[in-house]
Amino acid sequence: MTRVLAVDAERPDPDVIAEAASVITRGGLVAFPTETVYGLGANALDPAAVARVFEAKRRPATDPLIVHLAHIGQLARVARDIPPVARTLGLSFWAGPLTLILQKQPAIPDAVTAGRSTVAVRVPAHRVARALMEACGVPVAAPSANRFSRPSPTRAAHVLTDLEGAVDLLLDGGPATIGVESTIVDCTRTPPVLLRPGGITSEQLVTLLPDLIVESRLAAADEPQVAPGQLLRHYAPEAPLTVFVGAARAVQARMGADARTRVAQGQRVGILAPEEDVLALAPVLAAAAAGGRVLLRAYGRRSDPDAAAQALFDVLRALDAERPDVILAADVGQAAIGAAIRDRLMRAAEGRVIGVPEVPRGA
Ligand code: TXA
Ligand code: MG
C-alpha cells in the first residue's frame with residue numbers, strides 16, 4: 001500500500017516532513033517532489049533500502065543513483081578529493097537542478113554507485129525535498145520515481161501509475177516546475193564532461209566552464225554502455241515515437257504529410273508538438289482529428305522552451321495513455337533547456353529521428 005500525503009510546495013508541514021523522514025530512516029521508500037521531477041528516496045547509507053529502490057523501479061543494478069543532500073556543507077560526507085571546479089559549480093548552481101559526479105567516500109554503499117568509485121551528488125532546490133533531506137539527517141539516494149525506461153514523473157499521479165504499492169509514502173507537492181531532470185557534469189575528468197543536459201543549461205555552464213566537453217549520450221541498446229544511463233531506450237512511451245528535428249515550418253510540413261500517410265494506412269496517430277506546430281497542423285489534419293484518427297497534443301511553445309520542458313513528460317504520458325499506434329513528436333530547438341528536451345525525445349525515439357532540412361531565413 002502506498003500512502004499519499006498532500007504537502008504545500010512552498011511551506012511544507014513539518015509534521016508531514018517528519019513522518020516522511022522517519023519512513024526513510026527506518027529503511028522505507030518515499031516518493032517526493034523536486035523542482036525537476038519526482039524522486040524515489042531511500043537512505044543512501046542503507047544497502048537494503050537502496051536495493052528496494054532498484055526493485056521498485058525494476059531498474060538494472062548497473063545504473064547508479066544520485067545522492068541528494070540538504071546543503072553543500074554535507075558534500076564531504078559523500079564525496080572526497082573534491083576538485084575546485086566542483087566547488088565553483090556547487091556554489092553557483094546549488095540548490096538547483098545540477099548533479100556532479102565526484103570520487104565517492106567509502107561510506108557510500110556499492111549498491112548506490114553500481115560498484116563505481118564515483119558518486120553522483122545533487123542539492124535539490126524544492127522546499128519539500130530540502131526539508132526532507134534536512135529532517136532525514138542522512139544522504140538520500142533518489143532516482144526519478146518512474147518504472148525503469150518510462151517517462152519521468154512530473155506529478156504525483158505519474159508516480160502512482162508506475163509505482164503504486166511499491167513505495168511506502170508519496171508526498172504530493174503538485175507539478176514539478178522544471179519538468180526535466182538535472183544536468184549531470186562529471187567533475188572527475190579534466191576538463192569536466194556534460195553527461196546529461198538538463199535543468200541547468202550548457203549556456204549557463206560555459207560561462208563558468210569554457211572548456212566543458214559535451215558527450216553524446218546516444219549509445220545503441222546493444223552496445224556496451226560507455227557511461228551509465230546512456231542506453232538509447234529511455235523515457236519511452238508504449239507507442240513507438242518518431243521525432244522530427246528542424247525549422248518549424250519544414251517540420252510541420254513533413255509531420256503533416258507523414259500523419260496523413262499513416263491515417264490513410266489505418267493508423268491512429270498521436271502528435272506531440274509545440275503549440276505553434278499544433279496550430280499549423282490543426283487545419284491540415286482537421287478531418288482526421290475530428291474522426292479521432294489524429295490526436296493533436298501541444299506541450300508548451302517553441303517561443304517558450306521552459307514551458308515546453310515543464311509540460312513534456314506530462315503531455316507525453318497523457319497522449320500515450322490514449323493508446324495511439326504511433327507518436328510523431330517535434331522539439332523546440334536546441335537553445336537553453338531545449339537541448340534537454342531534444343535529448344529526452346531522441347531517447348524516447350530509440351533512433352527513429354527525421355532530420356528536416358532547415359528552411360533558409362526569409363524563404
Ligand atoms: O533531476 C534529477 O536528477 C532527478 C531528481 C529526482 O533528482 N533524479 C534523476 O535520477 O534523474 P535518475 O536515477 O533517473 O538519473 C540519474 C542518472 C542516471 O543516468 C545514472 O546513470 C547517472 O545519473 N549516474 C548516477 N551515478 C553516476 C556515476 N557515478 N557516474 C555517471 N553517471 C551516474
Ligand atoms: Mg530516471
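Whatever order the structure lists them in is the order used to number ligands and atoms, beginning at 1. Only this structure's heavy atoms are used, side chains among them; waters, hydrogens and symmetry mates stay out.
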Student: For the CD atom of Glu134 and the CG atom of Leu69, what is their distance to the nearest 0.5 Å?
Tutor: 10.5 Å
Student: Within ligand 1, which atoms have a heavy atom of Thr36 less than 4.0 Å away?
Tutor: 1 (O), 2 (C), 4 (C), 5 (C)
Student: Please enumerate all residues that pass side chain to side chain donor-acceptor pair (under 3.5 Å) together with Gln105, with sequence neighbours excluded.
Tutor: none
Student: Heavy-atom contacts under 4.0 Å between Thr118 and ligand 1: side chain, backbone, both, or neither?
Tutor: both
Student: I'd like to check which ligand 1 atoms, numbered from 1 as shown, lie under 4.0 Å from a non-hydrogen atom of Glu181.
Tutor: 1 (O), 2 (C), 11 (O)
Student: With a 4.5 Å limit on heavy-atom distance, are the side chains of Asn146 and Tyr38 in contact?
Tutor: no
Student: Decide yes or no for Ser144 and Lys57: does some side-chain heavy atom of the first lie under 4.5 Å from some side-chain heavy atom of the second?
Tutor: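 Yes, close enough: below the 4.5 Å cut-off.
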Student: Would you give the length of the straight line joining atom OG of Ser182 to atom CG of Leu100, rounded to the nearest 0.5 angstrom?
Tutor: 9.0 Å
Student: Which of the numbered atoms in ligand 1 are under 4.0 angstrom from any heavy atom belonging to Ile101?
Tutor: 27 (C), 28 (C), 30 (N), 31 (C), 32 (N), 33 (C)
Student: Can you tell me if Thr113 has a non-hydrogen atom under 4.0 Å from ligand 1?
Tutor: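 Distance cut 4.0 Å: Thr113 fails for ligand 1.
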Student: Which one holds for Lys57 and ligand 1: side chain close, backbone close, both close, or neither close, with close meaning a heavy atom under 4.0 Å?
Tutor: neither
Student: Tell me, yes or no, whether the heavy-atom count around Arg254 atom CZ, taken from other residues, nucleotides or ligands under 6.0 Å, exceeds 12.
Tutor: no
Student: Classify the contact between Ile184 and ligand 1 as side chain, backbone, both or neither, using a heavy-atom distance cut-off of under 4.0 Å.
Tutor: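 It is the side chain that touches ligand 1; the backbone stays farther off.
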Student: Protein N, O or S atoms at less than 2.8 Å from the Mg ion (ligand 2), how many?
Tutor: 1
Student: Under the side chain to side chain contact (heavy atoms under 4.5 Å, CB included) test, which residues partner Ala49, sequence neighbours left out?
Tutor: Ala42, Asp46
Student: Closer than 4.0 Å to some heavy atom of Ala120 - which atoms of ligand 1 meet that?
Tutor: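 In order of number, 25 (C), 26 (N), 27 (C).
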Student: For the 3.5 Å polar cut-off, considering only N or O atoms, please tell me whether Asp63 and ligand 1 meet it.
Tutor: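 There is such a contact, yes.
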Student: By the definition side chain to side chain contact (heavy atoms under 4.5 Å, CB included), identify the one residue from Ile200, Leu89, Val121 that meets it with Trp94.
Tutor: Val121
Student: Run the side chain to side chain contact (heavy atoms under 4.5 Å, CB included) test against Ala280 and tell me which residues pass, sequence neighbours left out.
Tutor: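 For Ala280 the side chain to side chain contact (heavy atoms under 4.5 Å, CB included) partners, ignoring immediate neighbours, are Gln252.
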Student: I'd like to know whether ligand 1 has Lys104 as a neighbour, heavy-atom separation below 4.0 Å.
Tutor: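 In this structure, Lys104 fails to qualify as a contact of ligand 1 - no heavy atom is under 4.0 Å.
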Student: If you draw a 6.0 Å radius around CZ in Arg58, do more than 12 non-hydrogen atoms from other residues or ligands fall strictly inside?
Tutor: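 Counting neighbours around CZ of Arg58, 12 or fewer heavy atoms of other residues, nucleotides or ligands fall under 6.0 Å, so no.
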Student: Please check if the side chain of Arg52 supplies one atom and the backbone of Pro47 the other of a donor-acceptor pair under 3.5 Å.
Tutor: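 A pair under 3.5 Å: no.
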Student: Polar-atom distance check: Thr34 versus ligand 1, any N or O pair below 3.5 Å?
Tutor: no
